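Reading through the structure tokens given below for one structure.
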Protein chains: 2
Amino acid sequence: MDIVQQIRDKGLKATPARQLVYAELTRSHMAYSHAELEALFLDIDRVTLYRILKDFEDAGLVHKVFDTQGSTRFAICHHTCPGKHHAENHVHFNCNDCGRMFCLQAVQTPEINIPGGFRVAGMHTLIYGSCEKCNQLTDKNEPTDKIQEVIV
Amino acid sequence: MDIVQQIRDKGLKATPARQLVYAELTRSHMAYSHAELEALFLDIDRVTLYRILKDFEDAGLVHKVFDTQGSTRFAICHHTCPGKHHAENHVHFNCNDCGRMFCLQAVQTPEINIPGGFRVAGMHTLIYGSCEKCNQLTDKNEPTDKIQEVIV
DNA sequence: AAGTAAATGCAACAATGTTGCGTTTAAGAT
DNA sequence: ATCTTAAACGCAACATTGTTGCATTTACTT
Ligand SMILES: [Mn+2]
Ligand SMILES: [Mn+2]
Ligand SMILES: [Zn+2]
Ligand SMILES: [Zn+2]
């Protein structure tokens with residue numbers, strides 16, 4: 001479906017800034033930090049970007065997750081997403097080397113039994129290590145500074 | 001072992017503030033936010049508290065974790081702790097109602113196979129829901145504002 | 001008891017996120 | 001096509017969380 005229409009379908013105006021952000025998140029399937037998005041879209045105001053991400057999250061277009069440093073990141077919601085709690089269904093991977101974070105849409109969060117009187121509502125699973133790109137680059141002793149397209 | 005000696009064994013001076021913080025973390029086995037500790041120890045300077053927690057973490061006395069809000073929390077390291085990466089061995093539970101966070105020392109993080117060229121170094125498992133106390137209080141429609149001792 | 005490196009307290013700064021408000025604009029109605 | 005208006009934007013100001021520099025104090029060694 002058209003990006004403009006997807007934004008409008010959530011009751012939001014399809015402004016240029018929103019189209020840019022949504023297109024990028026859709027394209028790369030990665031979880032972006034605020035800093036990463038600011039660097040990508042230098043002409044979008046910092047506050048506007050905060051509000052766009054908040055609006056997208058409330059609308060269920062994106063989900064918010066935290067990386068291993070506790071920094072906030074945003075990623076697109078898959079088309080079969082059940083709404084704002086989408087992030088809880090799948091596992092995330094954070095690369096220690098390049099810092100990028102991936103939504104592993106195909107990997108569901110595991111089942112865990114915990115003792116005591118806890119009532120479980122959901123869980124977050126964050127795996128860390130090094131991504132495919134960084135594995136290869138480490139082997140070749142090359143720099144790992146570029147952010148490139150990845151589909152997981 | 002004596003608290004003073006445990007702190008000294010890591011090459012740190014056993015100051016009054018450090019003894020207070022370490023004793024509390026040892027007693028409750030919970031993961032405390034900075035705000036919770038500040039409220040508990042009003043006479044400890046804010047910056048000093050930051051430095052105490054950083055020093056404890058570097059020394060392997062405590063581990064740092066993030067809760068469902070992305071807020072930083074600190075918890076004691078178990079006596080059989082392998083050092084700074086202690087937090088990665090066990091599961092954490094964050095109560096949606098009272099906000100408290102528990103170290104489930106007895107619950108190991110699960111094994112997960114992920115596709116692609118990712119090299120896994122470790123994982124964080126954060127479960128959320130409501131704790132035993134809040135379950136009971138919800139049933140009885142009572143307030144849930146008190147922080148009390150819990151051993152998990 | 002004295003000496004010294006470590007720790008503390010305070011102020012200033014930095015990073016991240018929020019709020020208020022006047023201006024601009026997207027999208028529906030005419 | 002133009003008008004209308006609620007929504008979105010841009011900017012400044014503020015709030016929260018965490019860090020750094022430095023003068024003073026204190027825990028531990030001798
Ligand atoms: Mn995701
Ligand atoms: Mn823990
Ligand atoms: Zn990488
Ligand atoms: Zn609770």
Side-chain angles (χ1 to χ4, degrees), chain A residues 1-23 25 31-74 99 101, chain B residues 1-23 25 31-74 99 101:
Chain A
M1 194 208 293
D2 182 81
I3 278 182
V4 168
Q5 200 51 51
Q6 282 180 266
I7 295 172
R8 284 182 181 159
D9 283 351
K10 298 295 185 179
L12 301 174
K13 290 186 180 178
T15 66
R18 280 173 174 172
Q19 293 180 44
L20 285 171
V21 172
Y22 191 70
L25 294 179
Y32 283 89
S33 70
H34 210 272
E36 284 169 355
L37 289 173
E38 278 185 43
L40 267 171
F41 305 113
L42 294 171
D43 48 345
I44 300 181
D45 181 78
R46 203 173 61 91
V47 174
T48 298
L49 186 52
Y50 275 112
R51 292 199 260 230
I52 286 176
L53 293 169
K54 177 69 161 50
D55 292 339
F56 280 3
E57 193 197 359
D58 290 346
L61 290 175
V62 306
H63 58 278
K64 175 158 72 173
V65 284
F66 300 102
D67 63 22
T68 55
Q69 312 303 309
S71 302
T72 307
R73 286 174 176 267
F74 293 89
M101 188 155 154
Chain B
M1 194 209 292
D2 180 81
I3 278 182
V4 167
Q5 199 51 50
Q6 282 181 267
I7 296 173
R8 286 183 180 159
D9 283 351
K10 298 296 185 179
L12 302 174
K13 290 185 181 179
T15 65
R18 281 174 174 173
Q19 293 180 44
L20 285 171
V21 172
Y22 191 69
L25 294 179
Y32 283 89
S33 70
H34 210 272
E36 283 169 356
L37 289 173
E38 278 184 44
L40 222 46
F41 305 113
L42 295 171
D43 47 347
I44 299 181
D45 182 78
R46 200 174 64 91
V47 175
T48 298
L49 187 52
Y50 275 113
R51 291 201 262 230
I52 286 175
L53 293 169
K54 178 69 161 48
D55 293 339
F56 279 4
E57 193 198 0
D58 290 345
L61 290 175
V62 306
H63 58 277
K64 175 158 74 173
V65 285
F66 300 103
D67 63 22
T68 55
Q69 312 303 310
S71 303
T72 307
R73 286 175 176 266
F74 293 89
M101 188 154 155

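Worth saying up front: this structure is predicted, and the values here are computed from it rather than measured. A, B, ... follow the sequence lines: proteins, then strands. Residue 1 opens every chain.
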In whole angstroms, how far is the [atom2] atom of [N] from the [atom1] atom of [X]?
X	N	atom1	atom2	answer
A/D55	C/dT18	CG	P	12 Å
A/L12	C/dG28	CG	C1'	16 Å
B/Q19	C/dT8	CD	C1'	15 Å
A/H34	C/dT16	NE2	C1'	9 Å
B/K54	C/dA6	NZ	C1'	15 Å
B/Q5	D/dC28	CD	P	9 Å
B/L49	D/dT19	CG	P	12 Å
B/Y50	C/dC13	OH	P	18 Å

- Base C/dG9 paired with B/R46 side chain (donor-acceptor, <3.5 Å): no
- Query: A/K13 has a side chain; which of C/dG9, D/dA8, C/dT8 sits nearest to it?
  - Reply: D/dA8
- Note: for B/T48 and A/V4 on DNA chain C, the residue whose nearest nucleotide lies more 5' is B/T48
- Rounded to the nearest 0.5 Å, how far does CG of B/L37 lie from CZ of B/F74? 8.5 Å
- In short, B/A14 meets B/Q19 closest at the heavy-atom pair O-NE2, 2.7 Å
Could you check whether [X] gets within reach of a base, just the sugar-phosphate, or nothing at all, counting any heavy atom under 4.0 Å?
X	answer
A/S71	nothing
A/R51	base
A/A35	nothing
B/R18	sugar-phosphate

- Message: Quick check: on DNA chain D, is the nucleotide nearest A/I44 upstream (toward 5') of the one nearest B/T72, or the reverse? Name the residue that is more 5'.
- Response: A/I44
- Message: On DNA chain D, compare the nucleotides closest to B/V47 and A/V47; which residue's is nearer the 5' end?
- Response: A/V47
Do [X] and [Y] touch side chain to side chain, with heavy atoms closer than 4.5 Å?
X	Y	answer
A/L53	A/H34	yes
B/I52	B/Y50	no
A/E57	A/H63	no

- Query: C/dA26 phosphate, OP1 or OP2: any side-chain N/O from A/T15 under 4.0 angstrom?
  - Reply: no
- Query: Among A/K10, A/R18, A/K13, whose salt bridge (Lys or Arg N to Asp or Glu O under 4.0 Å) with A/D55 holds?
  - Reply: A/R18
- Item | N/O donor-acceptor pair under 3.5 Å between A/R73 side chain and A/V65 backbone | no
- Inter-end axis angle, the helix from C/dA1-D/dT30 to C/dT30-D/dA1, with every axis fitted to five base pairs (rounded, 10 degrees): 30°
- Between A/Q6 and A/D2, is any side-chain donor less than 3.5 angstrom from a side-chain acceptor? no
